[in-house]
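No hydrogens, no waters, no symmetry mates; every other heavy atom, side chains included, goes into these values.
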Amino acid sequence: MLAEVLILVPSIARFRADYLLLRLEKAQIASLALLTTDEVIAPDLEAELLVNAGVFNVVLRRDEVRQLALSSPIPAAISGTYDLRMSGPWELIRDAFVVMRDPVNRVIRVIGNPVQQAGLLIEVTMETGPLRAAMVEYGLRILVLSVLISAVTAVLLFISVQRMIVTPIQRVVRHMQAYAEAPEDARRVIAPTSPVVELRAAEDALESMQKQLTGALRQKERLAQLGGAVAKISHDLRNILTTAQLFADRIEGSADPMVARAAPKLVGSISRAVSLCESTLAFGKAEEPPPRLERLPLRPLVEEVVEAEGLLGESQVTALIDIPAGFTLRADSEQLYRVLSNLVRNARQAMEAVGQGGVVEVSAAEDESEWRLRVGDTGPGLPAKAREHLFAAFQGGARKGGAGLGLAISAELVRGHGGRLELARSDAEGTQFLIHLPKQVSENSLPFR
């Protein structure tokens with residue numbers, strides 16, 4: 001419609017100019033017919049010529065002589081003069097709308113150049129009523145044409161929007177509804193086909209999201225099945241270990257000094273295995289049980305972990321414990337043992353896998369807000385792929401054959417203490433993990449002994 005308005009305004013101005021030029025041309029033809037004879041024409045013929053030309057008077061200027069060629073009585077005073085020779089586009093537009101706004105039939109003088117160079121100037125007087133009526137009629141025709149063009153454009157635009165936007169969006173909505181009914185069915189993932197760039201980008205993003213969600217649901221299903229199998233195995237293994245624990249209790253009372261020294265460690269290992277099976281069964285039902293916090297000395301616990309991993313004897317991988325003898329912290333001893341055991345075992349296996357020796361260092365520090373435990377090694381460092389999903393179950397495994405559960409479980413156990421487990425560094429010079437345990441823990445959220 002804006003384009004039509006921009007076309008309508010100059011069109012009306014051009015129509016008015018053409019109308020006036022046509023009156024000048026008719027008046028010139030009528031006056032030239034009189035110049036061909038020296039006889040005086042009859043008044044009736046003169047009046048007929050003026051009526052046919054649509055003017056009252058015709059003045060010609062030829063050879064610097066201004067001559068009244070045709071004349072008749074003027075019904076009113078001349079209200080304005082318009083010189084078409086000097087009028088530009090803006091003047092024509094202004095004059096056209098002056099005529100359109102004025103409903104009074106006025107007499108005007110119009111000046112122009114004769115056609116075919118038949119003189120220097122032609123001047124006529126005429127009424128504005130017929131001019132205004134013709135301009136209104138022309139404007140209405142343009143308006144009707146504009147409405148038709150707008151209607152056709154609207155229909156074409158509606159059809160285009162339906163085919164290019166609405167229909168593809170409806171297709172996307174149907175795919176989303178179908179996918180929501182069975183998100184695990186990969187056949188319901190949308191296949192991008194839209195020719196519109198923006199909709200194609202949306203379909204590509206939706207396809208990627210659906211594929212990721214379908215893969216995640218399948219993985220969750222497999223994990224659920226695996227969890228059920230692990231729960232059954234843990235249940236049976238707990239029964240077997242309970243029997244072994246009874247025999248270990250009997251061995252503890254042996255008179256052999258070597259057996260007596262080894263028996264407590266054997267009993268402790270079997271007790272931890274039984275506790276782990278029970279925790280696994282509890283995990284299958286919900287989540288890791290909340291830690292039972294107590295004050296405990298850290299160095300003996302670390303020494304027990306290091307000894308259990310075989311790092312105190314003569315081997316390629318050795319241990320360095322940089323913890324003061326009186327260093328204590330508040331934690332669940334069994335869960336902290338599992339966290340440290342996972343980290344130390346991973347470090348040992350990483351160095352043994354490349355066939356080189358090294359050192360596993362465990363140190364601790366504290367400040368007013370937290371305890372910090374550092375477990376580092378001089379191994380080859382973690383692969384980039386393993387670092388991307390380091391604490392994700394079944395995804396962060398760096399060792400061939402590993403399940404990728406150790407760090408995920410360790411991170412969950414540390415979070416249960418209100419702390420966090422993070423990778424501080426991993427490069428060609430080794431790997432370091434930091435365990436942050438807060439000193440201020442809500443007494444309402446964690447049970448204490």
Handout entry: From CA spacing to verdict: salt bridge (Lys or Arg N to Asp or Glu O under 4.0 Å), Glu203, Arg171
Key = CA-CA 10 Å; Glu203 289 181 349; Arg171 174 179 173 272; 3.0 Å; yes
Exercise for the section: Please determine if Glu309 and Arg348 form a salt bridge, counting it only when a charged side-chain N lies under 4.0 Å from a carboxylate O. Expected result: yes
Practice task
In plain terms, say whether Glu334 and Arg338 are close enough for a salt bridge, that is, a side-chain N and a carboxylate O under 4.0 Å apart.
Solution key: no
Fill in the blank from the handout: Taken to the nearest 0.5 Å, the spacing of Met100 CE from Arg16 CZ works out to 12.0 Å
Handout entry: Note: Glu25-Arg23 ion pair, threshold 4.0 Å (strictly below)
Key = no
Handout entry: From Phe327 atom CZ to Arg299 atom CZ, the distance as rounded to the nearest 0.5 Å
Key = 12.0 Å
Practice task
Find the distance between OH (Tyr337) and CG (Leu296) and round it off to the nearest 0.5 Å.
Solution key: 14.0 Å
Handout entry: Heavy-atom pair of closest approach, residues Thr328 and Pro297
Key = CG2-CA, 3.9 Å
Fill in the blank from the handout: Residues Leu298 and Ala364: closest non-hydrogen pair is CD2-CB, 3.6 Å
Problem - Side chains of Arg109 and Thr81, donor plus acceptor under 3.5 Å - result: yes
Practice task
Taking atom types as modelled, find out whether Arg163 and Thr167 have a side-chain donor-acceptor pair closer than 3.5 angstrom.
Solution key: no
Practice task
Look at atom CD of Glu91 and say whether more than 12 heavy atoms of other residues, nucleotides or ligands are closer to it than 6.0 Å.
Solution key: yes
Handout entry: Arg372 with Asp367: basic N within carboxylate O range, under 4.0 Å
Key = yes
